[in-house]
Amino acid sequence: MSVSVCLTFDFDGLSSWSGGVRRTKSPNLLARGEFGAVGAERILDLLQDRQVPSTWFTPGHTIDTWPDLCRRIAEEGHELAYHGYCHEAPSSKRDEADERAILQRGIACIERVWGRPPSGSRNPGGNLGPRWVDLLLEHDFSYDSSMAPHDFQPTWVRKGDIARTDGPHVFGEPVDLVELPFDWALDDWPYFSPNLPQSEGLRPPNEVYDIWAAEFDYLHQRLGDGVFVLCLHPQCIGRGARMLMLERLLDHMANAEGVVFRTMEDVAAEFRTRAMDQER
């Protein structure tokens with residue numbers, strides 16, 4: 001029994017403002033994305049000092065904008081994972097050829113700085129879209145992190161669910177794609193950014209620390225086995241007071257017995273191995 005902690009960073013940079021659903025040219029909003037590079041440098045320094053591995057969901061646009069910084073992420077032993085080219089969420093309004101082209105462009109950018117294609121994906125906004133599972137399987141992805149059917153356990157992605165209102169939900173069949181939990185409760189954006197409809201924004205860092213530490217404590221003290229996935233954005237967490245809060249949280253988790261910091265890729269691989277052993 002052990003607890004894995006996965007620090008994940010959605011390094012959206014400018015793409016979350018110039019691309020995605022916002023598509024803004026506002027200089028002040030774009031500057032917030034630009035600050036993501038400053039935050040990323042601070043985060044990498046912290047991770048290097050603590051010798052903590054992590055996973056960076058990085059759009060191709062961010063790699064093209066800051067290739068040396070993204071190369072540093074790879075060279076310091078962190079995992080690079082897919083997050084669109086310019087923060088595009090899969091959509092039924094886009095045809096399959098366009099979605100495949102965006103996916104392949106993002107993969108190519110990661111290959112260029114990491115030396116191999118990504119094994120994991122987190123879709124911008126956590127929105128999978130109707131065709132996305134098939135596209136991830138087609139491109140040999142090992143895991144996705146866009147949903148949370150369980151808060152602290154990996155699960156298998158399913159295909160073929162039928163959401164009914166005249167009867168019980170129909171659960172589809174599992175496919176060879178691991179789901180590692182993503183939930184807004186463990187995401188810094190709703191707490192620190194005032195730009196989401198469901199977000200209060202600009203919460204005190206100590207208040208957020210109390211929420212995240214309690215979530216971790218429940219996993220560690222009550223369940224004793226699972227994965228704690230924290231989703232952070234350099235342009236949010238990278239500010240001074242929040243970085244100090246993150247340092248405090250890392251200390252809290254590192255001092256707990258049986259806790260290991262790991263990449264998402266490693267956690268997905270272990271889950272798959274366990275599942276194969278149980279089938280034998």
Side-chain angles (χ1 to χ4, degrees), residues 6 8-13 15-16 19-21 53-65 67 70-71 73-74 77-149 154-161 172-182 227 229 231 262-276:
C6 290
T8 73
F9 299 93
D10 287 8
F11 190 11
D12 302 335
S15 74
S16 61
V21 297
S54 63
T55 299
W56 292 66
F57 293 91
T58 307
H61 183 275
T62 298
I63 294 172
D64 284 345
T65 303
C70 293
R71 200 169 289 112
I73 295 170
H78 305 288
E79 176 190 0
L80 284 169
Y82 178 83
H83 198 51
Y85 177 78
C86 199
H87 209 262
E88 308 91 346
S91 170
S92 59
K93 297 178 182 178
R94 186 180 289 117
D95 65 35
E96 184 173 341
D98 285 343
E99 290 198 343
R100 182 178 285 105
I102 291 168
L103 176 61
Q104 291 173 346
R105 188 178 184 186
I107 290 172
C109 290
I110 290 173
E111 281 189 286
R112 192 167 66 248
V113 297
W114 201 31
R116 63 184 177 96
S119 65
S121 168
R122 174 178 288 150
N123 282 331
N127 177 23
L128 276 181
R131 295 180 291 263
W132 201 249
V133 171
D134 286 332
L135 286 171
L136 293 181
L137 291 171
E138 176 186 322
H139 290 81
D140 298 321
F141 277 80
S142 170
Y143 73 87
D144 174 72
S145 182
S146 306
M147 305 182 288
T155 55
W156 293 111
V157 174
R158 292 189 310 271
K159 282 182 57 181
D161 276 28
E173 294 297 319
V175 297
D176 187 21
L177 187 65
V178 178
E179 188 66 38
L180 297 179
F182 161 83
V227 56
V229 179
C231 175
R262 307 175 68 192
T263 65
M264 299 278 269
E265 183 177 48
D266 286 346
V267 171
E270 181 185 66
F271 175 76
R272 184 172 274 105
T273 299
R274 281 188 187 180
M276 291 174 61

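Only a predicted model underlies this, so the values are computations on that prediction, with no experimental measurement involved.
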Exercise for review: With sequence neighbours left out, write down each residue that passes side chain to side chain contact (heavy atoms under 4.5 Å, CB included) with Arg112, or none if nothing qualifies.
Suggested key: Ile63, Asp64, Cys109
Point to revise | Side-chain donor or acceptor of Glu88 paired with backbone N/O of Ile102 under 3.5 Å | key: no
Check your understanding: Are any non-hydrogen side-chain atoms of Thr8 and Ser145 less than 4.5 angstrom apart?
Key -> no
Point to revise | Minimum side-chain heavy-atom gap Leu80-Pro118 below 4.5 Å | key: no
Review point. Got a second to check how far Trp56's CH2 is from Trp114's CH2, nearest 0.5 Å?
Key: 14.0 Å
Point to revise | Set of side-chain hydrogen bond (donor to acceptor under 3.5 Å, both in side chains) partners for Thr62, sequence neighbours left out | key: none
Point to revise | Partner set under side chain to side chain contact (heavy atoms under 4.5 Å, CB included) for Pro117, not counting sequence neighbours | key: Ile107, Glu111
**Study point:** Considering all heavy atoms, the nearest Ser15-Pro59 contact
**Key:** OG-CG, 3.5 Å
Review point. To the nearest 0.5 Å, how far apart are CG in Leu177 and CG in Asp144?
Key: 6.0 Å
Check your understanding: Hey, are the side chains of Phe141 and Leu103 touching, using non-hydrogen atoms and a 4.5 Å cut-off?
Key -> yes
**Study point:** Intermediate values then yes/no, side chain to side chain contact (heavy atoms under 4.5 Å, CB included), Val267 and Cys6
**Key:** CA-CA 8 Å; Val267 171; Cys6 290; 3.6 Å; yes
Review point. When rounded to the nearest 0.5 angstrom, what distance separates OH in Tyr82 from CD1 in Ile110?
Key: 8.5 Å
Check your understanding: Do Val178 and Trp156 touch side chain to side chain, with heavy atoms closer than 4.5 Å?
Key -> yes
Review point. Residues in side-chain hydrogen bond (donor to acceptor under 3.5 Å, both in side chains) with His61, at least two apart?
Key: none
Check your understanding: What's the spacing between Asp140 CG and Asp176 CG if we round to 0.5 Å?
Key -> 9.5 Å
Exercise for review: Decide yes or no on side-chain hydrogen bond (donor to acceptor under 3.5 Å, both in side chains) for His78 and Ser54, but give the supporting numbers first.
Suggested key: CA-CA 5 Å; His78 305 288; Ser54 63; 2.9 Å; yes
Point to revise | With Asp10 via salt bridge (Lys or Arg N to Asp or Glu O under 4.0 Å) - residues at least two apart | key: Arg122
Study note, to complete from the structure: Those residues at least two apart in sequence (or on a different chain) that pass side chain to side chain contact (heavy atoms under 4.5 Å, CB included) with Arg105 are Tyr85
Review point. Between the side chain of Arg131 and the main-chain N/O of Glu99, is any donor-acceptor distance below 3.5 Å?
Key: no
Practice item. Go through the structure and list residues passing salt bridge (Lys or Arg N to Asp or Glu O under 4.0 Å) with Asp266, not counting sequence neighbours. Key: none
Exercise for review: Mind checking side-chain hydrogen bond (donor to acceptor under 3.5 Å, both in side chains) for Arg71 and listing every partner two or more places apart, or none if nothing turns up?
Suggested key: Asp68
Practice item. Taking salt bridge (Lys or Arg N to Asp or Glu O under 4.0 Å) as the test, write out the residues that go with Glu179, two or more places apart. Key: none
Revision key, fill the gap. Taken in chain and number order and not counting sequence neighbours, the residues that satisfy side-chain hydrogen bond (donor to acceptor under 3.5 Å, both in side chains) with Asp98 are none
Review point. Any side-chain heavy-atom pair from Val227 and Pro181 closer than 4.5 angstrom?
Key: yes
Practice item. Kindly write out the residues that satisfy side chain to side chain contact (heavy atoms under 4.5 Å, CB included) with Arg100, not counting sequence neighbours, or none if the list is empty. Key: Glu96, Gln104, Leu135, Glu138, His139
**Study point:** The single option from Ser121, Pro154, Ser119 passing side-chain contact (heavy atoms from CB on, under 4.5 Å) against Tyr143
**Key:** Ser119
Check your understanding: How far apart are the closest heavy atoms of Asp161 and Gly172, and which atoms are they?
Key -> OD1-N, 2.5 Å
Point to revise | Spacing of CG belonging to Asp12 relative to NE2 belonging to His83, to within rounding of 0.5 Å | key: 4.0 Å
Check your understanding: Tell me, do Asp134 and Lys159 make a side-chain contact under 4.5 Å, heavy atoms counted?
Key -> yes
Review point. What's the spacing between Asn123 CG and Phe57 CZ if we round to 0.5 Å?
Key: 10.0 Å
Review point. Can you list the steps and then say if Trp132 with Ser146 is a side chain to side chain contact (heavy atoms under 4.5 Å, CB included)?
Key: CA-CA 11 Å; Trp132 201 249; Ser146 306; over 6 Å; no
